[in-house]
There are 2 protein chains.
Amino acid sequence: MGGLSIGELARRTGVHIETIRYFEKVGLLAEPDRTEGGHRVFTDQHVRALSFIKRARELGFTPGEVRAILELGGPEEACCDEVREIAVHHLDQVRRKMADLERLERLLASTVERCSGGHVPDCPVIDMLDGVAP
Amino acid sequence: MGGLSIGELARRTGVHIETIRYFEKVGLLAEPDRTEGGHRVFTDQHVRALSFIKRARELGFTPGEVRAILELGGPEEACCDEVREIAVHHLDQVRRKMADLERLERLLASTVERCSGGHVPDCPVIDMLDGVAP
DNA sequence: CTTGATCCTGTAGCGACTACAGGTGGCACA
DNA sequence: TGTGCCACCTGTAGTCGCTACAGGATCAAG
């Protein structure tokens, strides 16, 4: 029961077969059992772990962060605190990035506002790029 | 006047020499003039363009987006509108990502809250990873 | 005119996948 | 019991956006 081929696992999680093998190779996903002939046999827990990895990666956690969270998965004491620490740290970074982005957005928006549609010789954007941009 | 070596350009912009050559190779930065002996000679406009590229990359714009902005750099009409379009689109994506992240943060935080420090057998994080995490 | 820093090209490496080539495994169906 | 065929295996090479190095040429100061 619960014995999935790599193809089934890929279908259920939406992760490419090659990527699953890659995750296993770099130690993000536990090595599954094998059939006599060498085919991988995954369990439901692999499904959950892989879904977790996928979600975390999609949300911008680095493989290192994912690994760090995963390495706390045993019955260790401070696991939750450490997981939260990683998540909070990550969130901090994203918020900082977001703040930077909003700053740029304001810059671009105001730049664009001053360039009222047609070609103005002192449009700041054109001014910045003219003659050098390929 | 304004003739910079690649080293000076690197120092002024904080972009690695190799990266400057790379940007030139992939068409992000205009090809500079050369000395008799083949050394690149950059202008102040290169400094501005490269700074722009650097900032945009740091803020998460893809090379494709940067290229798209740069390609509007000539004295074209709708340039500003299009630049704004790209920026707004990018901002949208980041906001969506940020929303996803906040959702995960809430999930993790609440998960963590329920796991009150020590090892509890039904801590959701451990439960999710136990036995499969490497 | 020599010396040493800087520059040149070209190639290879990184991380995190992705894709392919060439070779087995597993299993339904005859 | 074959046999056909898809799914799976390993291993290598490609991608993207750089980064680093090797081996050589150029520049500018003394």
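- Residue A:Thr19 has no polar side-chain atom (N or O) positioned under 4.0 Å from OP1 or OP2 of C:dA16.
- Atom OH in B:Tyr22 sits about 10 Å away from atom C1' in D:dT15, given to the nearest Å.
- For the atom pair CD (A:Gln45) and CG (A:Leu29), the distance works out to 11.5 Å, reported to the nearest 0.5 Å.
- In this structure, CG of B:Leu4 is placed 16 Å from C1' of D:dC27, rounded to the nearest angstrom.
- Between B:Ser5 and D:dC27, a side-chain N or O to OP1/OP2 separation shorter than 4.0 Å is absent.
- One can place CD1 of B:Ile6 at 17 Å from P of D:dT26, the figure rounded to the nearest angstrom.
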- Item | Candidate pair A:Leu50 and A:Phe42, rule side chain to side chain contact (heavy atoms under 4.5 Å, CB included), full reasoning | CA-CA 11 Å; A:Leu50 186 54; A:Phe42 295 94; over 6 Å; no
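- No salt bridge links A:Arg40 with A:Glu31; every basic N to acidic carboxylate O contact stays at or beyond 4.0 Å.
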Listing time: all N or O pairs from protein to nucleotides 10-14 of chain C that are below 3.5 Å?
none

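- At the heavy-atom level, B:Arg34 lies under 4.0 Å from the strands shown only through sugar-phosphate atoms.
- If you take CG on A:Leu4 and NE2 on A:His46, they are separated by 10.0 Å, rounding to the nearest 0.5 Å.
- Here CD1 of A:Ile53 is found 11.0 Å from OG1 of A:Thr19. Values are rounded to the nearest 0.5 Å.
- Atom CD1 of B:Ile17 and atom C1' of D:dC18 are 15 Å apart (whole Å).
- A:Glu36 places its CD atom 11 Å from the C1' atom of C:dG25, with the value rounded to the nearest Å.
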Using atom names, set out every protein N or O paired with an N or O of nucleotides 28-30 of chain D below 3.5 Å, distance rounded to 0.1 Å.
none

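- Comparing atom distances between the A:Thr35 side chain and each of D:dC18, C:dG25, C:dC17 picks out C:dG25 as nearest.
- For B:His39 and C:dA5, the NE2 to C1' distance is 11 Å, given to the nearest whole Å.
- Considering CZ of B:Arg67 and CZ of B:Phe23, their distance stands at 10.0 Å, rounded to 0.5 Å.
- Remark: C1' of D:dC8 and CZ of A:Phe42 are 11 Å apart, rounded to the nearest angstrom.
- Map A:Arg40 and B:His16 each onto its nearest nucleotide of DNA chain D; the residue landing nearer the 5' end is A:Arg40.
- Note: CG (B:Leu29) to P (D:dC18) measures 13 Å, nearest angstrom.
- To the nearest 0.5 Å, the span separating CG on B:Asp44 from CZ on B:Arg12 amounts to 6.5 Å.
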Original post:
Please walk me through it: do B:Glu8 and B:Ser5 pass side chain to side chain contact (heavy atoms under 4.5 Å, CB included)?
Top reply: CA-CA 5 Å; B:Glu8 278 177 293; B:Ser5 71; 3.6 Å; yes
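- Of the residues near DNA chain C, A:Pro63 and A:Gly38, the one whose nearest nucleotide (by heavy atom distance) lies more toward the 5' end is A:Pro63.
- Annotation: the span from B:Tyr22 atom OH to B:His16 atom NE2 amounts to 15.0 Å, rounded to 0.5 Å.
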